[in-house]
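Below is one structure; the comments refer to it alone.
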There are 2 protein chains.
Amino acid sequence: MNDTRQFHLLAGLATGHDARSDDAIYQALWEAIVEHRLSPGARLPEDALAGAFGVSRTMIRRVLQRLALEQLVTLRTHRGAQITSPTPAEARDVFRARRLLEGALLTEVVAHVTPEDLQALTRIADQERHAPRDQAIRLSARFHTHLMAMAGNASLSEALSQLISRTSLIIAVYGRGRAGCPCEHPALIPLLERRDLDALQTWMHQHLTGIEASLDFTASGDALPDFEHLFGHHREQNAS
Amino acid sequence: MNDTRQFHLLAGLATGHDARSDDAIYQALWEAIVEHRLSPGARLPEDALAGAFGVSRTMIRRVLQRLALEQLVTLRTHRGAQITSPTPAEARDVFRARRLLEGALLTEVVAHVTPEDLQALTRIADQERHAPRDQAIRLSARFHTHLMAMAGNASLSEALSQLISRTSLIIAVYGRGRAGCPCEHPALIPLLERRDLDALQTWMHQHLTGIEASLDFTASGDALPDFEHLFGHHREQNAS
DNA sequence: TGAAAAATGCTTGTATACAATCTCAGGGCC
DNA sequence: GGCCCTGAGATTGTATACAAGCATTTTTCA
């Protein structure tokens with residue numbers, strides 16, 4: 001019994017509902033993941049997706065491979081794809097990386113920001129406030145992505161985009177209650193407007209640290225339970 | 001006429017010569033690209049590669065897609081794959097990104113470096129000095145990759161690895177004569193040994209800037225010739 | 001002779017068939 | 001009663017067939 005139905009909400013997002021192109025399928029899946037409509041751990045059977053999108057498994061496999069290289073889905077041989085459940089360690093890495101990268105890039109952002117950019121950011125922040133929760137998460141990602149794209153460095157922007165997407169997964173697993181950017185974004189815009197680099201860097205650091213601090217890593221990450229942490233108290237002594 | 005022969009040198013690198021796995025093929029192609037045995041602009045016909053590696057096009061396509069996402073090959077629809085020729089703008093971005101990332105990560109590297117790491121780095125630097133030119137390029141990449149892996153942040157290491165690989169492409173296109181890291185790497189090790197962060201950051205900045213300065217961007221990047229620059233002297237006046 | 005148009009061959013894009021492997025349920029054995 | 005083994009079903013891995021598009025050559029006409 002192909003549960004194609006489960007994925008029909010994905011297919012219906014754009015054109016009609018079938019024969020979508022490579023990129024469109026990627027986009028639809030990406031949005032569904034970032035918006036938490038597909039939760040970490042969810043299985044992604046190729047047949048079901050192929051049916052939902054009206055294409056063959058060939059294309060689905062290509063899209064899944066791409067998502068896997070971006071660490072949004074995990075591919076295990078002969079066991080199929082599922083939405084990645086980041087480990088606490090990975091979560092920590094992502095936040096450290098983002099603090100470092102976004103902090104450093106703000107220097108370039110300040111140097112290149114234009115009035116159009118400010119308008120675009122304001123619009124995104126507004127939409128974010130009035131959007132339902134799931135879309136707000138995606139718009140929050142968009143806010144950061146757009147902000148960092150101003151630095152004018154495609155290589156870094158792309159790497160950062162991946163980190164931002166992964167943050168959404170991390171929030172899905174470890175966020176409790178009203179996690180995610182709790183609408184702090186509008187506060188950044190005036191700082192950017194008067195090009196106050198120090199204030200921007202401080203703000204960004206606190207923003208990211210605040211999100212990370214709001215997470216709850218004691219809840220087992222949905223993946224394999226951390227027996228070491230649950231039962232063992234000899235963490236410091238094994239040096240190998 | 002399938003010029004499978006052209007690619008047999010790739011296939012012969014590891015096991016026998018056929019029925020190689022996904023990762024092995026990726027590895028072989030990656031090394032060939034980074035070692036400049038496949039030059040930017042070189043075409044990569046799926047049939048020829050499939051024949052050389054003894055697999056079907058299915059696998060080749062997967063590997064090519066992965067290399068494309070890492071920006072090492074360029075995939076154009078219905079026109080196949082070829083080794084990417086980075087543009088001067090991309091080259092600039094990559095070096096800026098590397099300066100930023102590697103400089104910042106040195107802080108973490110200093111905090112985590114172990115004697116084993118120092119040994120490994122020394123060994124790589126030694127091999128690099130005594131290796132023939134093409135392998136030296138790959139070992140140079142390995143040096144930087146290993147160094148940055150010490151920071152203990154997988155997310156950033158991976159992004160950086162891609163930037164390092166792309167640097168090899170940039171050198172292939174714009175490097176003249178004895179470009180690449182001209183064996184400066186051994187000088188870094190004592191600085192690392194005494195954890196002199198300031199000296200390390202200065203060294204790294206100059207190292208990367210030196211490589212970038214040794215490039216010659218006037219030579220047309222092998223891709224589409226820059227007619228604007230060749231024939232037009234009205235560069236400053238067209239503002240659009 | 002030169003240039004535009006048509007045809008052929010080669011390469012890639014997509015779907016599908018078949019083989020290999022995993023999962024899970026049912027039954028037998030300890 | 002619990003555990004292991006076995007087999008059916010389902011899912012993924014790989015290869016191949018066929019369709020579609022591009023490139024080059026050949027042909028034709030001025």
Side-chain angles (χ1 to χ4, degrees), chain A residues 1-7 10-11 15-29 38 41-69 72-84 222-224, chain B residues 1-7 10-11 14-29 38 41-69 72-84 223-224:
Chain A
M1 241 162 289
N2 264 349
D3 51 347
T4 294
R5 239 158 308 148
Q6 183 191 347
F7 293 101
L10 303 179
T15 65
H17 87 299
D18 46 3
R20 310 273 295 287
S21 89
D22 200 301
D23 271 340
I25 296 172
Y26 167 82
Q27 208 67 29
L29 274 173
L38 285 174
R43 297 194 45 82
L44 302 169
E46 298 176 358
D47 270 334
L49 289 171
F53 286 108
V55 296
S56 77
R57 282 174 49 214
T58 307
M59 241 182 214
I60 299 297
R61 284 184 129 255
R62 192 161 58 232
V63 172
L64 288 177
Q65 200 215 348
R66 177 168 170 195
L67 289 166
L69 289 173
L72 292 183
V73 317
T74 301
L75 241 42
R76 288 184 307 168
T77 179
H78 281 297
R79 270 177 237 187
Q82 56 184 71
I83 310 291
T84 300
D222 220 7
L224 25 144
Chain B
M1 238 163 290
N2 264 349
D3 52 347
T4 293
R5 240 157 307 147
Q6 182 190 348
F7 293 102
L10 303 179
T15 64
H17 88 297
D18 46 3
R20 312 272 297 286
S21 89
D22 199 302
D23 271 339
I25 296 173
Y26 167 81
Q27 207 68 28
L29 274 173
L38 285 174
R43 296 193 44 81
L44 302 169
E46 298 175 357
D47 271 334
L49 289 172
F53 285 108
V55 296
S56 79
R57 282 173 48 214
T58 307
M59 240 181 216
I60 299 297
R61 285 184 129 255
R62 191 160 60 231
V63 172
L64 288 178
Q65 200 215 349
R66 176 168 171 195
L67 289 166
L69 289 173
L72 293 184
V73 317
T74 301
L75 241 43
R76 287 186 305 169
T77 179
H78 280 296
R79 269 177 237 189
Q82 55 183 69
I83 310 290
T84 300
L224 22 145

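From a predicted model like this one, the values you see are computed outputs, not experimental measurements. Naming convention: chains lettered A, B, ... in sequence-line order (proteins, then strands); numbering from 1 in each chain.
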Whole Å only: how far is the CG atom of A:Leu75 from the C1' atom of D:dT12?
10 Å
Can you tell me how far C1' of D:dA15 sits from CZ of B:Phe53, to the nearest Å?
18 Å
Starting from the 5' end of DNA chain C, give me the residue, A:His78 or A:Arg57, whose nearest nucleotide shows up first.
A:Arg57
Side-chain N or O of B:Thr58 versus OP1/OP2 of D:dT14: is the shortest distance under 4.0 Å?
no
Taking A:Val55 as the fixed residue, which of A:Asp22, A:Ile25, A:Val63 is the one that meets the side-chain contact (heavy atoms from CB on, under 4.5 Å) rule?
A:Ile25
Assuming nearest nucleotide by heavy-atom distance, tell me which of B:Glu46 and A:Ser56 is located more 5' along DNA chain C.
B:Glu46
Do you know the tightest heavy-atom contact between A:Asp23 and A:Arg66?
OD1-NH1, 3.2 Å
Smallest heavy-atom separation, B:Leu64 atom then B:Ala81 atom, equals CD1-CB, 4.0 Å
Verify the contact: side-chain N or O of A:Arg76 to OP1 or OP2 of D:dT12, cut-off strictly under 4.0 Å; return yes or no.
no
Quick one: B:Gln82 CD to D:dC22 P, roughly how many Å, whole number?
15 Å
A:Ile60 CD1 to D:dT11 P: how many Å, rounded?
15 Å
Give the rounded distance in Å between these two atoms: CG of A:Asp47 and P of D:dG9.
17 Å
Main chain of B:Arg79, side chain of B:Arg43: is a donor-acceptor contact present, judged purely on distance under 3.5 Å?
yes
Atom-to-atom span, CZ of B:Arg62 to P of C:dT12 - whole angstrom
17 Å
Just to confirm, is there a sub-4.0 Å distance from OP1 or OP2 of D:dA23 to any side-chain nitrogen or oxygen of B:Arg79?
yes
